[in-house]
Amino acid sequence: MSNAPVQLVGDFDSAEAGFLRSQFDDCRIDLIARSLLDERTALLRWQPAADLPARAVETRSPRVTDRRRRPPIAWYVLDHEPDLRLVPIASGPDLRDRYPDHFPADAVPDQPARTGCWPFSRWFLPLAMAVALASD
């Protein structure tokens, strides 16, 4: 990845911190909870860096994901079995299915916010309908 910083918030061990920094750039990763059944398993919330628009102009690394397509939040489980790996989590039910009894039931929203190419994409359809109705 690029040299853009990864802000880690929480009690990560050095192996976890090194692994996460090798997988991501220009973001904030919060440790939301450790598993109730295995403290090596952790629930993470990923968010883009707060000053992303300013940095997006400065850093144009070909290895960095198209910043306009980044979701506002993503959830992962950092699992140690068999080696360190990230498991994407789509919703609360997905987390409960994959890791039953590991995390509190409400650790991840049941229906996360829709993601799209633009931050305002969830308002696009209602706005387009309003414009169409107003033009009649």
#### Entry: salt bridge (charged side-chain N to carboxylate O under 4.0 Å, His left out) pairs, two or more places apart, involving residues 32-47
Glu16-Arg34, Asp30-Arg45, Asp38-Arg40, Arg40-Glu81

### Message
Restricting to non-hydrogen atoms, name the atom on Ala15 and the atom on Leu84 that form the minimum distance, rounded to 0.1 Å.
### Response
O-CD1, 3.7 Å

### Message
Can you confirm whether Ser91 sits close enough to Asp110 that some side-chain heavy atom of one is under 4.5 Å from a side-chain heavy atom of the other?
### Response
no

#### Entry: For Pro48 against Pro72, the heavy-atom pair lying closest together
CD-O, 3.3 Å

### Summary
Across all chains, not counting sequence neighbours, the side chain to side chain donor-acceptor pair (under 3.5 Å) partners of Thr41 are none

### Query
Would you find more than 12 non-hydrogen atoms of other residues, nucleotides or ligands less than 6.0 Å from Asp13 atom CG?
yes

### Residue list, side chain to side chain contact (heavy atoms under 4.5 Å, CB included) with Pro104, at least two apart or on another chain
Asp106, Ala107

#### Entry: Closest heavy-atom pair and its distance - Asp94, Ala90
OD2-N, 2.8 Å

### Message
To the closest 0.5 Å, what do you measure between OH (Tyr99) and CG (Leu36)?
### Response
14.0 Å

### Query
Taking 4.0 angstrom as the limit, do Arg98 and Asp79 come out as a salt bridge?
no

### Task
Check step by step if side-chain contact (heavy atoms from CB on, under 4.5 Å) holds for Arg21 and Leu8.
CA-CA 9 Å; Arg21 287 190 171 106; Leu8 299 176; 3.7 Å; yes

### Distance-minimising heavy-atom pair for Leu43 and Val77
CD1-CG2, 4.2 Å

### Task
Mind checking the CD1-CD spacing from Ile29 to Gln7? Nearest 0.5 Å is all I need.
10.0 Å

### Message
Are the side chains of Val108 and Arg96 in contact, using a 4.5 Å heavy-atom criterion?
### Response
no

### Query
Atom NE2 in His102, atom CG in Leu37: separation rounded to 0.5 Å?
4.5 Å

### Message
Tell me the closest heavy-atom pair linking Leu95 and Ile89, and the distance in Å.
### Response
CB-CG2, 3.7 Å

### Message
Once rounded to the nearest 0.5 Å, what's the spacing between atom CH2 of Trp46 and atom OH of Tyr76?
### Response
7.0 Å

### Message
Minimum heavy-atom separation for Phe12 and Leu20, please, with both atom names.
### Response
CE2-CD1, 3.5 Å

### Query
Does Ser35 reach the side chain of Phe103, with side-chain heavy atoms less than 4.5 Å apart?
yes

### Message
I need the Leu44 CG to Leu86 CG distance, nearest 0.5 Å.
### Response
6.5 Å

